[in-house]
Amino acid sequence: MEEPSAAVARRTGVVDRAFSILAAFDERHAALSLTAIAGRAGLPINSALRIVRSLVGVGALERRDDGLYVVGLRLFEIAALAPRSQGIRRIAMPFLQDLHAVTEEHVLLTVREGDEAVLIERLSARGAGRVAYRVGGRLPLHGTGGGLVLLAHSPREVQEAMIAHADVDLTGPGRLAFPTGDELRRRLAAIRQEGSLVFAASAVDGMGTVAAPVFGRAREVVAAVSVVAPADKQVLEGLLPAVRVTARAVSGALEPRRPTAGWKSPLR
């Protein structure tokens, strides 16, 4: 009979391998062959095949007619229950819609996951400039305006790790860049002092960012609201009051002692 500790270890190993397979999929690898999955997950082909078949069986993966695998709808249904994404998103949505209607630019809601910024909502106007951000996408915290606001309020060890790698190449649509750690450190201090961010330079696409923090029940920063617009400092500074009002409204809605029923947007 198998020892209980051995059985637990075996199950844990299977879970780890299953997640490594799911993590093989990303924005540039939305459909993968079994060989590609095994290679990206670092697994033998036979092990990958067994786990992929199990994931297909429960709907976490789907196999297309061409033999390639894609993320399954069941995984999306489960992910939609995550309170750190959908909970905040659901509460923030009315305020984000008001901000979107007023600015007619890209409105983003971002949360921190480790040393990355995860986009959990994006509203975009038809005439707004092109950006590459997608819901569920990840970037280094110092690679986006919303991420910088989250980084400014992150634990010190997270900040220091990002500062140590500030000169890492972040070139790509919508990604910010800092040539030195000292510049990034000064930027984070300014965000904490001013309570918001106006960043009028992008590494590639000529877009800038205005961002402000969203506070949770314990006054910790749980998300960031940002607007991405053409990198004209005067235009971006004009958007700042609306972004701040929206972030404060979302913060208030997250606090149960401050109900927002009947709230009328000052942006309209």
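Nothing here was measured: the structure is a model prediction, and the numbers come from that model.
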Handout entry: Ser226 (side chain) donor-acceptor with Ala211 (main chain) under 3.5 angstrom
Key = no
Check whether any side-chain heavy atom of [X] sits under 4.5 Å from a side-chain heavy atom of [Y], and report yes or no.
| X | Y | value |
| --- | --- | --- |
| Leu61 | Leu22 | yes |
| Gln97 | Leu123 | yes |
| Val221 | Phe215 | yes |
| Thr144 | Leu148 | no |

Euclidean distance, [Y] [atom2] relative to [X] [atom1], rounded to 0.5 Å:
| X | Y | atom1 | atom2 | answer |
| --- | --- | --- | --- | --- |
| Glu105 | Leu99 | CD | CG | 10.5 Å |
| Leu151 | Leu184 | CG | CG | 6.0 Å |
| His142 | Met162 | NE2 | CE | 5.5 Å |
| Met207 | His106 | CE | NE2 | 4.5 Å |

Exercise for the section: Enumerate the residue pairs fulfilling salt bridge (charged side-chain N to carboxylate O under 4.0 Å, His left out) with a member in residues 221-238, sequence neighbours excluded, ordered by first and then second residue. Expected result: Lys233-Glu237
Closest non-hydrogen atom pair between [X] and [Y], with its separation:
| X | Y | value |
| --- | --- | --- |
| Gly145 | Thr209 | CA-CG2, 3.5 Å |
| Ala223 | Val111 | CB-CG1, 4.0 Å |
| Ala117 | Gly147 | CB-CA, 3.9 Å |
| Ile91 | Ala253 | CG2-CB, 3.4 Å |
| Leu236 | Phe199 | CD1-O, 3.6 Å |

Any residue meeting side-chain contact (heavy atoms from CB on, under 4.5 Å) with [X], in chain and number order, not counting sequence neighbours:
| X | answer |
| --- | --- |
| Arg186 | Asp182, Glu183 |
| Glu220 | Ala218, Val222 |
| Ala152 | Leu188, Ile191, Arg192 |
| Ala92 | Leu96, Leu109, Val250 |

Exercise for the section: Please report the C-alpha distance between Leu108 and Ile120 in whole Å, then the side-chain angles of each, then the deciding distance to 0.1 Å, and finally whether the side-chain contact (heavy atoms from CB on, under 4.5 Å) criterion is met. Expected result: CA-CA 8 Å; Leu108 312 179; Ile120 62 173; over 6 Å; no
Quick one: salt bridge (charged side-chain N to carboxylate O under 4.0 Å, His left out) partners of [X], sequence neighbours excluded?
| X | result |
| --- | --- |
| Arg244 | none |
| Arg64 | Asp66 |
| Glu62 | none |
| Glu194 | none |

Exercise for the section: Please assess Val214 against Thr246 for the test side-chain contact (heavy atoms from CB on, under 4.5 Å), listing each intermediate value before the final yes or no. Expected result: CA-CA 9 Å; Val214 173; Thr246 301; over 6 Å; no
Handout entry: Chi angles and distances behind the side-chain contact (heavy atoms from CB on, under 4.5 Å) call for Val225, Phe95
Key = CA-CA 10 Å; Val225 172; Phe95 310 109; over 6 Å; no
Side-chain donor-acceptor pairs of residues 30-42 under 3.5 Å, sequence neighbours excluded:
unit_1, atom_1, unit_2, atom_2, d
Ser33, OG, Ala36, N, 3.1
Arg40, NE, Ala24, O, 2.7
Arg40, NH2, Ala24, O, 3.0
Arg40, NH2, Asp26, OD2, 3.1

Fill in the blank from the handout: Sorted by chain and residue number, the side-chain hydrogen bond (donor to acceptor under 3.5 Å, both in side chains) partners of Arg50 (sequence neighbours excluded) come out as Ser47
Problem - Candidate pair Val52 and Tyr69, rule side-chain contact (heavy atoms from CB on, under 4.5 Å), full reasoning - result: CA-CA 9 Å; Val52 164; Tyr69 294 89; 3.4 Å; yes
Practice task
Kindly state each residue pair satisfying side chain to side chain donor-acceptor pair (under 3.5 Å) with at least one member in residues 147-158, sequence neighbours excluded.
Solution key: Arg112-Ser154
